[in-house]
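A quick write-up on the structure given underneath.
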Amino acid sequence: MERTITVSMDGELLTREAAKIAERMMRYRARVLLSRENITVNGKSLMGLVSVGLRDGVQVTILTEGEDAEQAARELARLLGA
């Protein structure tokens, strides 16, 4: 599943929030990737989420595959404020 969203949050994604998102994504069996410009990271990785430079107004693409891919994509979009 592929879904492009616009991030809506106050400022930039901080480590604490990224850790919470990574922890939530770990609950899913689906493969979760997050892509921005030419960077694609593991959506279950704290370092990946921090390194992609998420901040308010940035467009990202959520890529998921697996048995619960749709649910994982929906929750990640919600967590990023879309």
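Values below: every heavy atom of this structure, side chains too, minus hydrogens, waters and symmetry copies. For the single chain, residues carry numbers from 1 onward in sequence order. Predicted, not measured: the structure shown is a model, and the values here were computed from it.
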**OP:** Using side chain to side chain donor-acceptor pair (under 3.5 Å) as the criterion, list what pairs up with Ser51, not counting sequence neighbours.
**Re:** none
Subject >> Partner residues of Ser8 under the side chain to side chain donor-acceptor pair (under 3.5 Å) criterion, sequence neighbours left out >> reply: none
Original post:
Which heavy atom in Val50 sits nearest to a heavy atom in Ala18, and how many Å separate them?
Top reply: CG2-CB, 3.7 Å
Subject >> Minimum heavy-atom distance between Ser45 and Ala22, given as atom pair plus value >> reply: C-CB, 4.1 Å
Original post:
Has the side chain of Asp68 got a donor or acceptor atom that lies under 3.5 Å from a matching backbone atom of Arg29?
Top reply: yes
Original post:
What's in the same ILVMFWY side-chain cluster as Leu34, cut-off under 4.5 Å, chained through other members?
Top reply: Ile5, Val7, Met9, Leu13, Ile21, Met25, Tyr28, Val32, Ile39, Val41, Leu49, Val52, Leu54, Val58, Val60, Ile62, Leu76, Leu79, Leu80
**OP:** Linking directly or through intermediates, with side-chain heavy atoms under 4.5 Å: list the remaining ILVMFWY members grouped with Met1, chain and number order.
**Re:** none
Original post:
Can a salt bridge be assigned to the pair Arg78 and Glu75 using a cut-off of 4.0 Å between side-chain N and carboxylate O?
Top reply: yes
Original post:
Can you find a pair of side-chain heavy atoms, one from Arg27 and one from Lys44, that are under 4.5 Å apart?
Top reply: no
Original post:
Taking only residues two or more places apart in sequence, or in another chain, which ones meet Arg74 in a salt bridge (charged side-chain N to carboxylate O under 4.0 Å, His left out)?
Top reply: Glu70
Subject >> side-chain contact (heavy atoms from CB on, under 4.5 Å) involving Glu65 - partner list, sequence neighbours excluded >> reply: Arg31
**OP:** Starting at OG1 of Thr61, measure out to CZ of Arg36 and round the result to the nearest 0.5 Å.
**Re:** 11.5 Å
Subject >> Donor on one side chain, acceptor on other, Ser35 and Thr40, under 3.5 Å >> reply: yes
